[in-house]
Amino acid sequence: MKVVLDQDRCIGSGQCVLSSPEVFDQRDDDGIAVLLAEQPPADAEEGAREAARICPALAITVAE
């Protein structure tokens, strides 16, 4: 699995951090998401998929 985050599309809703804190974080100054693990461990993959599904800005893509 490979996770891609488009920070230019991110609106800082934080849904990705709530669903997958192992893979995403947010910058303190503006709330834009930060990708922590481009290739997350197996136990974090479902959370990354959920983050991509619920991202309101469609800023996250997951390639299997």
Side-chain angles (χ1 to χ4, degrees):
M1 163 188 275
K2 181 179 178 182
V3 179
V4 177
L5 169 65
D6 183 347
Q7 288 184 317
D8 292 334
R9 295 186 74 162
C10 178
I11 60 172
S13 72
Q15 296 302 306
C16 57
V17 179
L18 293 173
S19 66
S20 187
E22 306 87 0
V23 180
F24 299 97
D25 198 358
Q26 285 181 285
R27 296 190 302 219
D28 290 334
D29 56 338
D30 59 6
I32 298 299
V34 175
L35 184 61
L36 301 175
E38 186 176 295
Q39 296 179 330
D43 63 344
E45 288 182 354
E46 185 51 38
R49 287 186 194 97
E50 177 68 12
R53 281 192 293 269
I54 65 173
C55 177
L58 304 175
I60 301 167
T61 55
V62 174
E64 301 291 336

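Treat the numbers as computed from the prediction; the structure is a model and nothing was measured. As a basis for the values below, the full set of heavy atoms in this structure was taken, side chains included, without hydrogen atoms, waters or symmetry mates.
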Check: Which distance, rounded to the nearest 0.5 Å, do you find between the CD1 of Ile32 and the CD of Gln26?
Finding: 8.5 Å
Margin query: So if I apply the side-chain contact (heavy atoms from CB on, under 4.5 Å) rule between Glu50 and each of Ser20, Ser19, Cys16, which one comes out positive?
Written below: Ser19
For the student: nearest non-hydrogen atoms of [X] and [Y], plus distance:
{"X": "Val62", "Y": "Ala48", "value": "CG2-O, 4.0 Å"}
{"X": "Ala51", "Y": "Ile60", "value": "O-CD1, 3.8 Å"}
{"X": "Pro40", "Y": "Ala37", "value": "CD-O, 3.7 Å"}

Notebook entry, point to check: Hey, is CG on Asp28 packed in by over 12 heavy atoms from elsewhere, all under 6.0 Å?
Noted result: no
Notebook entry, point to check: Does Val3 reach the side chain of Phe24, with side-chain heavy atoms less than 4.5 Å apart?
Noted result: yes
Notebook entry, point to check: Do Glu64 and Lys2 touch side chain to side chain, with heavy atoms closer than 4.5 Å?
Noted result: no
Check: Counting only N and O atoms by type, is there a donor-acceptor contact under 3.5 Å from the side chain of Gln7 to the main-chain atoms of Ala33?
Finding: yes
Notebook entry, point to check: Are Leu5 and Leu36 connected in a single hydrophobic cluster, I mean Ile/Leu/Val/Met/Phe/Trp/Tyr linked by side-chain heavy atoms less than 4.5 Å apart?
Noted result: no
